[in-house]
Amino acid sequence: MSKPSIPQGTRDFGPDVVQKRNFILNTIRSVFELYGFQPLETPAMENIETLMGKYGDEGDKLIFKILNNGLDNPDKEKQVREDFEKVLQGKNVKGITERALKYDLTIPFARYVAMNHNQLTFPFKRYQVQPVWRADRPQKGRYREFYQCDADVVGSESLLNELELANIYHDVFAKLGLSDYKIKINSRNVLVALAELCGGADKMTDITVAIDKLDKIGLEKVKNELAQKGLATEQIIFIEKYLKISGSNIEIITGLQSLIGHTDTGDKGIKEISYLLQHCDPSINISVDPTLARGLNYYTGIIFEVAAPKEVKMGSIGGGGRYDNLTGTFGVPGIAGVGISFGVDRIYDVMEELDLFPDSLQVSTKVLFFNLGDAESKVAFALMQQLRNNGISCELFHENIKFDKQFKYAEKKNIPNVVIIGSKELEENTCTIKNLQTGKQETIPQASLMKFAF
RNA sequence: GUGAUCAUAGCUCAGUUGGUUAGAGCAUCAGAUUGUGGUUCUGAGGGUCGUGGGUUCGAGUCCCAUUGGUCACCCCA
């Protein structure tokens, strides 16, 4: 038997890590609910055809497929061998795999809306906090199993939704103490206008993929990539002008206006962005980024991305945008929506690196009762139960051993108070309370323990 | 999927051109200390050096393979 291990890219979360993660998750959930979003959960696995083809060719490769059960049934051997031949050629065959682990929360949500649109009240605002899986090579900030926290509004085209989502980002990061975040916005319409003006509406994807890399690889390499994709020199010069738009939000808007504002789609995109900027409270750290493109092709309007503080070298810690016709692929056309997502695992890594978790998270048990004998611990147990009924978490040490051990246990578990009931206290119906942080201790009647302020 | 790099005690790491019985700090356990923890002192346990092959009189050290971690590319949260 070899050493036990866990699959590549997955993690165990120990007690203190879970507490910190819950701090993040609970913060996000509470803000979602504050804005009127309702919880939804979907299965870990979906039918494979629900997921395939929704995330592009690259995405399809990263979907975890689940092998069917019963493939070793001798009666099916011939069929299974034939099917497996097709799998070797890169096809999905129902006989081998018909389920897959979910890859994100948006597509399962779209599937849910398509299945239930008759019962739902629109606009439907749902949030969802669940793990998703990707068969990617793990690296910094990237795992094979990770949590997504999504909030989406479907059935409404109002920009008010975008405004609310931007505020949710702000509220969550403010509550987490991650005030150095930065929300970047752009509109897909601006990018469409850019592509149209470059005579390459069909080159939209190539253009967006290339310019998205600007801050990573630099202007020259972006231009090279565009040239490789077959764009003409004057088109690249135009894109270069676009990429050089910078400055304050107002300056960027002005720059966009002069470059693409004369087209219908460009004008529409600029208006979307302007609306958001005008209605956002100045405390919200939001800025226009014309190079923001986002890979997923289903976005159609405003797109968001949240950057972590620069010093931590982490990719985005959240993203989202507007999409039209999300459920169209499931046979229910005409339902538009907009949504955002939080990358909890990355937020955790960033907060850990910046040491932003409050110390108070580490306390779980407030009081440890010492165990100093049968009669003594019997009294201690009764008192402990009363305290527990009052909502104070406490423990009785599991065996009667020397003080030293019991103190050290309290210390290791970060328990701030101990209650000592030994033979002396037993006789006098008292108990001794010691605060381990201050070192102070006092002896009070047992009857007063319930009133003690721990 | 492509590439780089690493793997030695529970943890963080030393380990010389290949050479006797593989070390340290921290942690753990026991004692100093039978009703007062954190500090200190003393002692102990703990390793088929990731796994499998190979070269060699001899391998933690060199070679090959394999697994896993980390990082980068692609893509993404």
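All chains are named by letter (A, B, ...) in the order of the sequence lines, taking the proteins before the strands, and each is independently numbered beginning at 1.
Closest contact between the side chain of A:E58 and the listed nucleotides B:C75, B:U33, B:A77 involves B:C75. Which of B:U70, B:C71, B:G35 sits closest to the side chain of A:S423 comes down to B:G35.
B:U51 and B:A22 have their P atoms separated by 16 Å, with the value rounded to a whole Å. Straight-line distance between the P atoms of B:G18 and B:C57: roughly 16 Å, to the nearest whole Å. The C1' atoms of B:A24 and B:A14 are separated by 7 Å, rounded to the nearest whole Å. Nucleotides B:C13 and B:G60 are separated by 14 Å at their C1' atoms, to the nearest Å. Nucleotides B:G47 and B:G31 have their C1' atoms positioned 26 Å apart, rounded to a whole Å. A gap of 11 Å separates the C1' atoms of B:G58 and B:U20, to the nearest Å. B:U61 and B:U16: their P atoms are spaced 11 Å apart (whole Å). The gap from the P atom of B:C74 to that of B:U2 amounts to 16 Å, rounded to the nearest Å.
Where A:R144 and A:I6 meet RNA chain B, the nucleotide closest to each residue was compared, and A:I6 sits on the side nearer the 5' end. Where A:G422 and A:S316 each meet RNA chain B at their nearest nucleotide, the meeting point lying more 5' is that of A:G422.
Note on A:K405: only backbone sugar-phosphate atoms sit closer than 4.0 angstrom, heavy atoms only; bases stay farther off. Residue-level contact check: A:D136 touches the bases, meaning some heavy atom is under 4.0 Å from a base atom. Backbone-only engagement by A:G9 is indicated by non-hydrogen atom pairs under 4.0 Å involving sugar-phosphate atoms exclusively. Contacts of A:S341 with the nucleic acid, taken as non-hydrogen atoms under 4.0 Å apart, are absent. Using a 4.0 Å heavy-atom distance criterion, A:G59 is classed as making no nucleic acid contact.
Aromatic rings of A:Y112 and A:F330 (six-membered ring for Trp) have centroids beyond the 6.0 Å cut-off, not under it.
Rounded to whole Å, atom P of B:C76 lies 10 Å from atom CD of A:E305. A:Y143 has its OH atom 14 Å from the C1' atom of B:C76, to the nearest Å. For A:D212 and B:C73, the CG to P distance is 13 Å, given to the nearest whole Å. Following rounding to the nearest Å, A:W133 (CH2) and B:A77 (C1') show an atom-to-atom distance of 15 Å. Atom CD in A:Q128 sits about 15 Å away from atom P in B:A77, given to the nearest Å. Rounded to an integer number of Å, the gap from CG of A:D150 to P of B:C76 is 16 Å. Here B:A27 presents its C1' atom at 18 Å from OH of A:Y409, a figure rounded to the nearest Å. Rounded to whole angstrom, the span from the CG atom of A:L62 across to the C1' atom of B:U2 amounts to 14 Å.
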Any chance you could encode RNA chain B as dot-bracket? Rule is Watson-Crick or G-U wobble with both distances under 3.5 Å; [ ] for pairs crossing earlier ones, | for another strand. (((((((..((((.....[...)))).(((((.......))))).....(((((..]....))))))))))))....

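Residue-nucleotide stacking is present for A:F146 and B:A77, judged by a side-chain ring centre under 5.5 Å from the six-membered base ring centre and planes under 30° apart.
With salt bridges taken as basic N to acidic carboxylate O contacts below 4.0 Å, one links A:K244 and A:E240. Using a 4.0 Å cut-off between a side-chain N of Lys or Arg and a carboxylate O of Asp or Glu, A:D374 and A:K378 do not qualify as a salt bridge. A:R21 and A:D345 are joined by a salt bridge, as a carboxylate oxygen and a charged side-chain nitrogen come within less than 4.0 angstrom of each other. Salt bridge present: A:E395 and A:K413 bring a charged side-chain N and a carboxylate O closer than 4.0 Å. Between A:D212 and A:R294 there is no salt bridge, since no side-chain N of the basic residue sits under 4.0 Å from a carboxylate O of the acidic one. Taking the charged nitrogens against the carboxylate oxygens, A:K223 and A:E220 do have a contact shorter than 4.0 Å, which makes a salt bridge.
A:Y55 does not carry A:R134 over the face of its six-membered ring by the limits of under 6.0 Å from the centre and within 45° of the normal.
Scanning atom types as modelled, no donor and acceptor separated by under 3.5 angstrom connect the side chain of A:R137 and the base of B:C74.
Remark: A:F64 CZ to A:Y103 OH distance equals 11.5 Å, nearest 0.5 Å.
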Would you mind building the protein contact string for nucleotides 36-43 of chain B? One character per nucleotide, 5' to 3', B for base within reach (heavy atoms under 4.0 Å), S for sugar-phosphate only, - for untouched. BBB-----

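Using a 4.0 Å cut-off, some side-chain N or O of A:Q139 falls inside it from OP1 or OP2 of B:A72.
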Take A:D404 and A:K408 through the test salt bridge (Lys or Arg N to Asp or Glu O under 4.0 Å) and record every step on the way to the result. CA-CA 6 Å; A:D404 190 53; A:K408 281 182 174 158; 3.6 Å; yes

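Exactly one residue among A:K424, A:Q441, A:E425 makes a side chain to side chain donor-acceptor pair (under 3.5 Å) with A:T432. That residue is A:E425. Among A:F397, A:F403, A:F369, the one residue that satisfies the ring-ring contact (aromatic ring centres under 6.0 Å, His included) test with A:Y409 is A:F397.
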